[in-house]
Amino acid sequence: MSDTYPRLVQLLVKNFGFETDEVAPEDTFSKLELDSLALVELTLTVQQEFGVKLSDDDLGAEDTLGQAVSVIESKLVVA
C-alpha cells in the first residue's frame, strides 16, 4: 500500500495545525479551510517532501485529499 496519503496527512499536521483524525481522504481543501495562500504553501511543501514538480493547477480548493494523493503519485511515476 502507498504511503503517500499518510505522508500528506503528516504535512497537514506539521505545517497547518491539523490533528490526524481531523482529516479524511474525502475532505476537500476548502472544507479544511485552506485558502489559496495555504494551497500554494502546501504545494511547495509537497514538492519538497515528495521530490515532484506540481503546477499551480494541480491542487485546487475543491480537490479532495484522495485526489491530491492521485496527482502526487502520478507525478512520482513520471519522475
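Owing to the predicted nature of the structure, the values given are computational and were not obtained by experimental measurement. For reference, positions follow the sequence shown, starting with 1. Note that these values count all heavy atoms, side chains included, but never hydrogens, waters or copies made by symmetry.
- Judged by distance alone, the side chain of S30 and the main-chain N or O of E33 form no donor-acceptor pair under 3.5 Å.
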>> For a side-chain contact (heavy atoms from CB on, under 4.5 Å) check, start with the C-alpha distance between L34 and F18, then their side-chain angles and the critical distance, and finish with the verdict.
In response: CA-CA 11 Å; L34 294 179; F18 290 100; 4.1 Å; yes

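- Residue V46 is not grouped with residue V40 when hydrophobic side chains (ILVMFWY) are merged at heavy-atom distances under 4.5 angstrom, including chains of intermediate members.
- Using a 4.5 Å heavy-atom cutoff, the side chains of Y5 and I72 are not in contact.
- A distance-only check finds no donor-acceptor pair linking the side chain of D58 to the backbone of L54 [under 3.5 Å].
- Between the side chain of E73 and the main chain of S70, no donor-acceptor pair closer than 3.5 Å is present.
- Here the shortest heavy-atom pairing between D27 and E22 reads OD2-O, 3.7 Å.
- To the nearest 0.5 angstrom, K53 atom NZ is 9.5 Å from K75 atom NZ.
- Expressed to the nearest 0.5 Å, how far CG of L12 lies from CG of L65 amounts to 6.0 Å.
- With a 4.5 Å cut-off on side-chain heavy atoms, R7 and F50 count as touching.
- Of all the heavy atoms in E62 and T28, the pair that sits closest is O-CG2, 3.5 Å.
- Taking T43 as the reference, nothing meets the side chain to side chain donor-acceptor pair (under 3.5 Å) condition, with sequence neighbours excluded.
- E19 approaches V13 most closely through the heavy-atom pair C-CG2, 4.0 Å.
- Of all heavy-atom pairs spanning T64 and E26, the tightest one is CG2-O, 3.5 Å.
- The two residues L59 and L39 make their nearest non-hydrogen contact at O-CD1, 4.0 Å.
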>> With side-chain contact (heavy atoms from CB on, under 4.5 Å) as the criterion, how do T45 and K14 come out once you've worked through the C-alpha distance, each side chain's angles and the decisive distance to 0.1 Å?
In response: CA-CA 11 Å; T45 305; K14 180 179 175 187; over 6 Å; no

>> Applying side-chain contact (heavy atoms from CB on, under 4.5 Å) to F16 and L32, what does each step give before you reach the verdict?
In response: CA-CA 10 Å; F16 297 94; L32 296 174; over 6 Å; no

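- Between the CD atom of Q48 and the CG atom of L11 there is a distance of 9.5 Å, given to the nearest 0.5 Å.
- The two residues F29 and G60 come nearest to each other via the heavy atoms CD1-O, 3.3 Å.
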